[in-house]
*Asks:* 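Dumping the structure here so I can ask a few things about it.
Because the structure is predicted, anything quoted here is derived from the model rather than measured.
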Amino acid sequence: MAALRKAFADAFIKTAKADKAVAGASISARFSDRVHNLFIETVTKELQTSGKVSIPGFGSWSVVQRAARTAINPQAPTGPKIQVPAKKVVTFKAAKQLKELMLNATLPQKVVRNAKGSPAAKARAKKAAK
């Protein structure tokens with residue numbers, strides 16, 4: 001649940017767009033921060049107790065059980081297989097209205113970083129530039 005809290009905080013409060021939203025709504029950043037923290041706490045507690053939270057028109061979070069599995073270590077693909085234990089994870093499913101809004105949204109261009117200069121990275125950058 002802490003990962004959910006950090007991800008939401010990083011994505012919402014700590015961005016310039018969140019600052020613009022606060023300015024446009026004529027509320028203080030302190031009040032916005034309190035509302036955000038209350039929202040996160042409420043969603044977290046509800047997921048812990050009932051396992052599902054829905055916001056109509058936006059989406060729903062749910063807790064699902066992932067089964068134990070055998071995996072390959074990507075750093076040593078020819079080495080021994082590793083056992084990944086069963087665990088609970090939080091999933092999000094966007095509502096139909098949100099999906100429709102995103103289909104028509106204009107999103108910023110994806111920035112392709114080519115730090116290593118590998119042929120695969122160069123190919124991805126070339127493809128993204130088209």
Side-chain angles (χ1 to χ4, degrees):
M1 297 301 157
L4 175 66
R5 178 183 295 231
K6 182 181 181 332
F8 194 86
D10 289 346
F12 184 76
I13 288 297
K14 309 230 183 207
T15 64
K17 290 183 180 183
D19 293 338
K20 288 180 186 177
V22 168
S26 67
I27 60 173
S28 71
R30 187 175 180 183
F31 178 73
S32 172
D33 191 39
R34 285 191 297 189
V35 169
H36 168 260
N37 289 337
L38 180 62
F39 175 78
I40 294 296
E41 287 174 20
T42 304
V43 169
T44 303
K45 286 179 185 175
E46 192 62 27
L47 284 172
Q48 288 172 338
T49 57
S50 71
K52 185 162 178 134
V53 175
S54 294
I55 299 177
F58 184 73
S60 61
W61 291 270
S62 59
V63 178
V64 296
Q65 181 72 34
R66 291 233 173 117
R69 62 187 175 90
T70 302
I72 297 171
N73 182 354
Q75 294 178 346
T78 58
K81 297 188 187 293
I82 56 174
Q83 294 298 319
V84 178
K87 62 182 174 181
K88 291 181 181 179
V89 295
V90 176
T91 61
F92 177 77
K93 183 174 183 203
K96 182 180 177 183
Q97 295 90 338
L98 181 61
K99 289 179 185 178
E100 289 172 356
L101 285 172
M102 292 303 103
L103 285 175
N104 299 323
T106 55
L107 300 175
Q109 292 290 330
K110 184 177 180 180
V111 176
V112 178
R113 295 185 180 162
N114 188 2
K116 299 278 184 183
S118 69
K122 289 178 183 176
R124 283 192 301 272
K126 187 176 181 180
K127 188 175 181 180
K130 290 183 179 181

*Asks:* In the hydrophobic clustering (ILVMFWY, side-chain contacts below 4.5 Å, transitive), which residues join V89, or is it alone?
*Replies:* V64
*Asks:* Do V53 and F39 belong to the same hydrophobic cluster, where Ile, Leu, Val, Met, Phe, Trp and Tyr are linked whenever their side-chain heavy atoms lie under 4.5 Å apart, directly or via other members?
*Replies:* yes
*Asks:* Of all heavy-atom pairs between T44 and I40, which one has the smallest distance, and what is that distance?
*Replies:* OG1-O, 2.7 Å
*Asks:* So how far is it from E41 CD to E46 CD, rounded to the nearest 0.5 Å?
*Replies:* 14.0 Å
*Asks:* Under 4.5 Å between side-chain heavy atoms, counting indirect links through other Ile/Leu/Val/Met/Phe/Trp/Tyr residues: same cluster for I55 and M102 or not?
*Replies:* yes
*Asks:* Over all heavy atoms of both residues, which pair between L47 and W61 is shortest? Give the atoms and the distance, please.
*Replies:* CD2-O, 3.8 Å
*Asks:* Among all residues two or more places apart in sequence or in another chain, which pass the side chain to side chain contact (heavy atoms under 4.5 Å, CB included) test with T70?
*Replies:* K81, Q83
*Asks:* Could you list the residues that satisfy side chain to side chain contact (heavy atoms under 4.5 Å, CB included) with R34, not counting sequence neighbours?
*Replies:* F31
*Asks:* Examine distances only and state if a side-chain atom of S50 and a backbone atom of K52 form a donor-acceptor pair shorter than 3.5 Å.
*Replies:* yes
*Asks:* Who are the side chain to side chain donor-acceptor pair (under 3.5 Å) partners of T49, not counting sequence neighbours?
*Replies:* none
*Asks:* Closest heavy-atom contact between Q65 and K88?
*Replies:* OE1-CG, 3.1 Å
*Asks:* Among pairs that include at least one residue of residues 72-91, which meet ring-ring contact (aromatic ring centres under 6.0 Å, His included), considering only residues two or more places apart or in two chains?
*Replies:* none
*Asks:* Only distances under 3.5 Å count here; give the side-chain donor-acceptor pairs of residues 91-101 to other protein atoms, sequence neighbours excluded, each with its distance to 0.1 Å.
*Replies:*
residue: T91; atom: OG1; partner: S62; partner atom: O; Å: 3.4
residue: T91; atom: OG1; partner: S62; partner atom: OG; Å: 3.0

